[in-house]
Amino acid sequence: MAVVTLNAVGKTYPNGFEAVKPSSFTIADGEFVVLVGPSGCGKSTLLRMVAGLEEITAGALQIGEREVNDVDPADRDIAMVFQNYALYPHMTVRKNIGYGLKNRGTSTDAIEAKVQEAAKMLNLTELLDRKPSQLSGGQRQRVAMGRAVVRDPSLFLFDEPLSNLDAKLRNQMRIEIKALQRRLGVTSIYVTHDQVEAMTMADRIIVLNGGEIEQIGTPAEIYHSPASTFVASFMGAPPMNLIEAWIEDGAVRVNDGTLLASSGNRTVGPVHLGIRPEDVQLAENGQIPFDISIVEELGARRLLHGELGGQPFTVHVGKDVPATAGQTTVHLKPESLCFFDPKTGKAT
Amino acid sequence: MTGISDTFTQSKKHVARRPIKWSVVGDHAVLVAGVLLMVLPVFMVFATSSHDRIEIARTGLQFGFSDQLGVNYGKAMFEKGGFTDTVDGSLMLMNSMILGFGFAIGKIIISMMAAYAIVYFRLRFATLAFWIIFTTLLLPLEVRILPSYEAIQSLGMANTYSGLIIPLIASATGTFFFRQFFRSVPEELVEAARIDGAGPVKFFIDILVPLSRTMIAAIFIIMFVFGWNQYLWPTMITTEESMFTLVRGIKQITQGVVDSNDIPEYGQALALSIIAIIPPVLIVLFFQNWFVKGLTESDK
């Protein structure tokens with residue numbers, strides 16, 4: 001259990017490519033932080049720098065009270081779960097889990113006791129004498145977890161651990177990992193490109209884009225007040241609607257003149273207006289015309305895709321709301337509106 | 001309806017009659033011919049080794065067996081012979097074993113370690129080093145035999161087992177095979193091992209060597225047979241008869257007697273040939289089983 005502090009930590013490769021721009025944040029003791037972003041955004045590099053598998057070229061990394069920039073991965077008191085599990089194929093589950101302890105000179109009896117304990121926690125007791133090739137994907141995943149848990153580290157690192165599993169198992173393992181982390185109270189950093197995983201598992205989310213931190217916040221903050229258009233469109237499925245609009249005379253209007261909302265005392269000029277699809281209501285006598293072209297039936301809910309003010313727009317309604325393709329009008333919840341600067345993409 | 005039952009009865013009749021398929025007969029004829037081509041010479045050597053030398057000298061290779069089998073093998077293995085009367089078949093067999101195992105094991109150890117260094121360590125000029133090793137394939141022992149002999153001789157290693165084995169154990173082929181294999185081992189295994197606190201030596205011994213066991217088996221087969229069949233180098237470097245290997249000793253049996261104008265001990269020489277064939281065959285049989293199992297049970 002430890003506080004992890006990154007102080008302007010960055011990574012520049014010898015060829016001059018800056019994979020991670022200097023980033024600073026602190027992870028509290030026992031916190032579950034998810035690094036999320038599209039492929040190539042530097043999230044894995046950042047995690048691997050924390051693990052010590054990638055050299056830190058700028059800044060300082062602290063785990064607990066100790067600066068660990070030049071500490072070997074084995075001595076950082078961390079455990080890591082890899083995307084493809086990285087189990088040792090020739091060792092039994094028992095040996096796989098105990099290997100780290102064995103290398104640290106733990107006595108055979110103590111190893112056996114700890115392995116048994118970890119196996120019990122993860123429902124692996126029956127499988128201890130099998131080889132990884134005789135296990136299913138979910139079981140391998142649990143062995144990888146066991147290998148991390150058994151060492152009692154002060155920091156867990158997860159590198160997209162669920163992306164090799166099928167959707168159903170992924171949901172189940174998501175809950176298992178979260179529950180396990182809660183129970184053990186170990187500080188964790190979890191890397192994923194799946195925004196659902198990020199939303200459901202994190203205490204705090206760090207959204208990365210192009211090697212830079214876009215936003216740090218709780219899932220609710222990230223979802224409801226995205227700091228930039230990137231975060232707004234990356235988090236949430238379907239993504240937030242972004243409409244190019246114009247502020248004038250205290251009102252936000254689309255280019256065809258339709259009044260969308262009141263702008264408060266924002267400056268005159270172009271703006272990107274963001275609103276989540278579920279914050280839009282179909283209203284019989286609303287002010288804003290919406291042209292539905294496709295109705296996507298999802299069972300519990302419906303997605304209505306169409307155009308608002310000549311721009312693509314999506315509305316999310318419950319299953320009880322009748323909807324068919326054609327003209328209708330909508331109402332935007334004023335408290336759910338987000339405003340972004342069209343030039344920088346940042347929230348205003 | 002009738003169509004189905006017709007076909008059914010037809011196929012039944014078909015099974016009952018079993019007409020001769022000439023293509024199958026042809027296939028088998030080719031296979032049998034191949035087998036005979038491979039096995040007959042060996043069988044003839046074995047059959048002939050049961051005759052006495054006069055019979056062999058008079059009528060050549062035999063198809064049938066005679067009564068000298070035990071005598072020939074006994075003498076070949078246990079009668080001291082040669083110029084100095086110090087060497088018998090069993091000693092040569094042991095020398096060959098030492099050469100074969102030393103050669104194969106030495107080659108595996110050296111080439112595995114070389115490949116490990118090239119693949120897993122950030123060395124300057126690692127690629128260059130690899131290609132230099134690789135180009136030594138163009139310089140087989142036969143090309144560099146005089147300098148090699150000179151070097152070993154001046155180190156005082158002539159007529160020793162180490163002199164017999166060490167100059168041969170550097171292996172570009174083995175290094176190449178292991179390099180390709182190591183490159184296919186997932187990167188995450190190295191990283192997981194690093195986090196698990198395994199240093200370079202532990203990673204090599206605990207993880208890489210067990211993972212490579214099928215490769216090791218394959219290379220062992222090739223290298224053992226290759227080492228066992230070495231002729232030129234042992235002939236150069238061993239002048240004492242007690243260091244002779246089987247492959248070279250077979251010739252010695254006939255050689256010695258030809259000089260004295262007697263009829264050579266053909267039976268014993270052939271018996272020794274049969275004995276010289278057995279260990280490589282056993283090695284191949286033993287490891288092949290293991291090798292195939294390892295290949296099919298993919299667990300990487």
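Keep in mind that the numbers below use all heavy atoms, side chains included, and drop hydrogens, waters and symmetry copies. Each chain gets a letter, A, B and so on, in the order its sequence line appears, and its residues count up from 1.
- Between chain B and the options Met91(A), Arg76(A), Lys95(A), Arg147(A), the largest number of non-hydrogen pairs under 4.5 Å is found for Arg147(A).
- Within 6.0 Å of CD on Glu65(A) lie no more than 12 heavy atoms contributed by other residues, nucleotides or ligands.
- In terms of heavy-atom proximity, Tyr99(A) sits nearest to Ala198(B) at OH-CB, 3.5 Å.
- Checking Ile207(B), Val185(B), Leu211(B) one by one against Pro89(A), the side-chain contact (heavy atoms from CB on, under 4.5 Å) holds for a single residue, Leu211(B).
- Leu157(A) does not touch chain B: none of its heavy atoms, backbone or side chain, sits under 4.5 Å away.
- For Phe226(B), the CZ atom is loosely surrounded, since the number of other residues' heavy atoms within 6.0 Å does not exceed 12.
- Across every non-hydrogen atom of Glu188(B) and Ala86(A), the tightest pair is CB-CB, 3.5 Å.
- Contact between Ile195(B) and Ala79(A) at its shortest, heavy atoms only, is CG2-CA, 4.3 Å.
- Residue-environment remark: CD (Gln180(B)) exceeds the threshold of 12 foreign heavy atoms within 6.0 Å.
- The minimum heavy-atom distance between Asn103(A) and Gly197(B), with the atom names listed, is CB-O, 3.7 Å.
- Summarising the geometry, atom CZ belonging to Arg213(B) is positioned 8.0 Å from atom NE2 belonging to His90(A); distances are rounded to the nearest 0.5 Å.
- With salt bridges taken as basic N to acidic carboxylate O contacts below 4.0 Å, none links Lys102(A) and Asp196(B).
- Between Phe82(A) and Glu187(B) the shortest side-chain heavy-atom distance does not fall below 4.5 Å.
- The 12-atom threshold is exceeded at CZ of Phe182(B), counting heavy atoms of other residues, nucleotides or ligands nearer than 6.0 Å.
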